[in-house]
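From a predicted model like this one, the values you see are computed outputs, not experimental measurements. Lettering of chains follows the sequences in order, A, B, ..., and the numbering in each one begins at 1.
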There are 2 protein chains.
Amino acid sequence: MASRIVSFEKIKVACKNCTLATLCLPMGLTPDDVERLDAIVKRSRPLQKGDHVFRNGDPFHNLYVVKTGTVKTYTESPDGGEQVVGFHLPGEIIGLDAIQTDQHGCSARVLETSAICELPFDNLEDLASHIHSLQHQLFRLLSKEISRDTEMLSLLSKSTAEERLATFLLDLSKRHQQRGFAANEFFLSMSRQEIGSYLGLALETVSRLFTRLQEDGILRVERKHIEILDRDHLAVLAIKPAGSRANTCQASD
Amino acid sequence: MASRIVSFEKIKVACKNCTLATLCLPMGLTPDDVERLDAIVKRSRPLQKGDHVFRNGDPFHNLYVVKTGTVKTYTESPDGGEQVVGFHLPGEIIGLDAIQTDQHGCSARVLETSAICELPFDNLEDLASHIHSLQHQLFRLLSKEISRDTEMLSLLSKSTAEERLATFLLDLSKRHQQRGFAANEFFLSMSRQEIGSYLGLALETVSRLFTRLQEDGILRVERKHIEILDRDHLAVLAIKPAGSRANTCQASD
DNA sequence: AGTTTGATTTGACGCAGATCAAATCATCTC
DNA sequence: GAGATGATTTGATCTGCGTCAAATCAAACT
């Protein structure tokens, strides 16, 4: 994989030229403000597969933006098992949960060679109190994360294994598309185990589902390569059939 | 509804005199700043059981602080079923997920007669860019919500019905205690159905668990009244026995 | 007091998905 | 290229909890 060797020039790309700007923080800022934001952003060299961006318990100094690659965040149980909390694609910001404790509450490691931008949070806060739209942008960012988590809670609390995986794949697909990649064909950078952990399923269940979706002509699966053949069908599977499960309770009035 | 007529004196209590200040927003602000915050807070008259604080889709103008009572937030599925997203005690702030869309992404209704403070978000943002500690406080608040959701995700994704209920009860107990109420004895303001929805369980399962925990001498349950008899034992149940479930995967290096 | 209505409890049963186990396959090392 | 290592698939079982059903109980209404 010669393409893995990323030139340092690429890393130096500033926020104003970054194709991720609309996904990342600068959205809605004036060019002047982006300049100021750019001044506080640090860009480290690429991390290799398995490297940590931060670990649970690390003191909190920075937020991190995925620039290229994929990051998983996870927590550890006492016995060393891990619970995947999220997968993060380019343009997504991680470390938001650490603001309140001044300490990272989960670990983050890259699933493939990845470039990460560092945003020193103190500087960011200072900047935010001067740039109103940046402050607003940050609030929105945090708020969005809450919405996402809430949706995930609904998914885990109500749905079947099939719905979970279908929803997961459609979500991934959408996010790939937003980044300008193909919507119906992509590589999974995470293992079946990690998908299972994220979705609250055993890895065997994930594997079986892939097989079944392939048999049904909805997917083509070849190891980590996924092709969505029948998107509509997949979307149907992702939607919980009305009233099919418990714990959807009727409004009480 | 004679009880609707509550003395307005009670409502007028300002932030600076509010016993919830340490839980709510003013924490860490100077008396002067609290005064300024106080000026933008609106206090409406108490809501009655079943009343909505806001509904899914409502335009977003305010954050809301529970002053007394309990609020549940929930989303609705197309078929009218509801998915409980959270239960909120005095001092807790709701509506945070609406910041990003300018529209509430869930509904909130009170489970018992409750007083709610309104915080116009525009004003709050303005104030935050002048008062650095308020800005920081808001970031922390949002961040904390993310942490809470993440923990909930772990709970739903990994654990058994028993662990979920035990964790839920201990969490409620802790929050009651933080508010100066008894830790080991309290009333549930929500139904079994709502608990089930929140924990991703059928209401029958919740009911059976209450019965069992009572038989085991861990709880005393009488309808909505709960007494924790053996807190240590309950805490043991809340902790996932190491390696007892799937989807805890080993670190891959 | 009797009736209605909704909440809760309790029982019986079935299934989705976890668990256990073993085969296959891909990668990497030497 | 043979062997080792970890990921994935596939099969066979087992079980926790959802589902259905019916009884009990509490609060509200007449």
Side-chain angles (χ1 to χ4, degrees), chain A residues 1 48-50 81-82 111-112 156-166 187-197 199-215 219-226 237 240-253, chain B residues 1 3 48-50 81-82 111-112 156-166 187-197 199-215 219 221-226 237 240-253:
Chain A
M1 308 216 160
Q48 296 301 313
K49 176 171 182 169
E82 75 177 49
L111 294 173
E112 55 192 319
L156 290 187
S157 144
K158 290 205 294 196
S159 44
T160 65
E162 189 178 68
E163 290 164 54
R164 293 183 200 191
L165 189 65
F187 280 87
L188 297 173
S189 45
M190 68 292 289
S191 68
R192 304 287 190 261
Q193 173 98 284
E194 288 166 328
I195 295 172
S197 173
L199 297 177
L201 302 170
L203 71 301
E204 294 95 329
T205 304
V206 175
S207 176
R208 271 185 257 268
L209 278 170
F210 273 129
T211 308
R212 179 142 57 86
L213 291 177
Q214 171 148 257
E215 283 167 1
L219 295 182
R220 209 167 62 75
V221 182
E222 199 191 337
R223 210 163 156 73
K224 306 235 167 190
H225 178 257
I226 302 288
L237 297 184
K240 183 179 64 69
S244 70
R245 304 275 300 172
N247 63 51
T248 64
C249 50
Q250 300 307 314
S252 54
D253 61 338
Chain B
M1 326 204 150
S3 64
Q48 296 299 313
K49 177 172 180 168
E82 73 177 50
L111 293 173
E112 56 193 318
L156 289 187
S157 142
K158 289 205 292 195
S159 45
T160 66
E162 190 178 69
E163 290 163 54
R164 293 183 200 191
L165 190 65
F187 281 88
L188 298 173
S189 46
M190 68 294 287
S191 68
R192 304 289 190 259
Q193 173 96 282
E194 288 165 330
I195 296 172
S197 173
L199 296 177
L201 302 171
L203 71 301
E204 293 94 329
T205 304
V206 174
S207 177
R208 272 184 258 267
L209 279 170
F210 273 130
T211 307
R212 178 141 58 86
L213 292 177
Q214 171 148 258
E215 283 167 1
L219 296 181
V221 183
E222 199 190 337
R223 210 165 156 73
K224 305 233 165 189
H225 178 258
I226 302 288
L237 297 184
K240 184 179 61 71
S244 71
R245 304 276 298 172
N247 63 51
T248 64
C249 48
Q250 299 308 314
S252 52
D253 63 337

Do L165(B) and I195(B) have side-chain heavy atoms sitting under 4.5 Å apart? yes

Measure the distance from CD on E222(B) to P on dT8(C) and round it to the nearest whole Å. 13 Å

Expressed in angstrom and rounded to an integer, what is the separation of Q193(B) atom CD from dG6(C) atom P? 13 Å

Please identify each residue that fulfils side-chain hydrogen bond (donor to acceptor under 3.5 Å, both in side chains) with E162(B), with sequence neighbours left out. R212(B)

Please round to the nearest 0.5 Å and tell me the distance separating atom CD of E222(B) and atom CZ of F187(B). 8.5 Å

When rounded to whole Å, the CG to P distance for the pair L209(B) and dC17(D) reads 8 Å

How long is the straight-line distance from CG of L219(A) back to CZ of F210(A), given to the nearest 0.5 Å? 7.0 Å

Distance check, rounded to the nearest 0.5 Å: T205(B) atom OG1 versus L199(B) atom CG? 10.5 Å

Name the closest nucleotide to the L203(B) side chain, picking from dT9(C), dG18(D), dT19(C). dT9(C)

d(E204(A) CD, R192(A) CZ) to nearest 0.5 Å is 12.5 Å

Please pick, from dT10(D), dG18(D), dT9(C), the nucleotide with the shortest atom-to-atom distance to any side-chain atom of S207(A). dT10(D)

Tell me the interatomic distance from L201(A), atom CG, to dA18(C), atom C1', rounded to whole angstroms. 10 Å

Quick check for you: among dC17(D), dT9(D), dG18(D), whose closest atom lies nearest to any side-chain atom of T211(A)? dT9(D)

Determine: side-chain N/O of K224(B) to OP1/OP2 of dA26(D), distance under 4.0 Å, yes or no. no

Could you go over nucleotides 20-26 of chain C and give all protein N or O partners under 3.5 Å, atom names and distances?
| residue | atom | partner | partner atom | Å |
| --- | --- | --- | --- | --- |
| dC20(C) | N4 | E204(A) | OE2 | 3.2 |

Separation of L188(B) atom CG from dT9(C) atom P, in whole Å? 10 Å

Give the angle between the helix axes at the two ends of the helix from dA1(C)-dT30(D) to dC30(C)-dG1(D), taking five base pairs at each end and rounding to 10°. 40°

Calculate the interatomic distance between E162(A) atom CD and dC15(C) atom C1'; express it in whole Å. 15 Å

Could you give the CD-to-C1' distance, from E163(B) to dG16(D), as a whole number of Å? 12 Å

Counting any heavy atom closer than 4.0 Å, what does S191(A) reach on the DNA or RNA strands: base, sugar-phosphate only, or nothing? sugar-phosphate

Atom CG of L156(B) to atom C1' of dC17(D): distance rounded to whole Å? 15 Å

Checking S189(A) now: which residues fulfil side chain to side chain contact (heavy atoms under 4.5 Å, CB included) with it, not counting sequence neighbours? T70(A), L111(A), E112(A)

Let's go through Q214(A) and T211(A) carefully: what are the C-alpha distance in whole Å and the side-chain angles of both, what is the deciding distance for side chain to side chain donor-acceptor pair (under 3.5 Å) to 0.1 Å, and is it a yes or a no? CA-CA 5 Å; Q214(A) 171 148 257; T211(A) 308; over 6 Å; no

From CG (L188(B)) to CD1 (I226(B)), nearest 0.5 Å: 4.5 Å

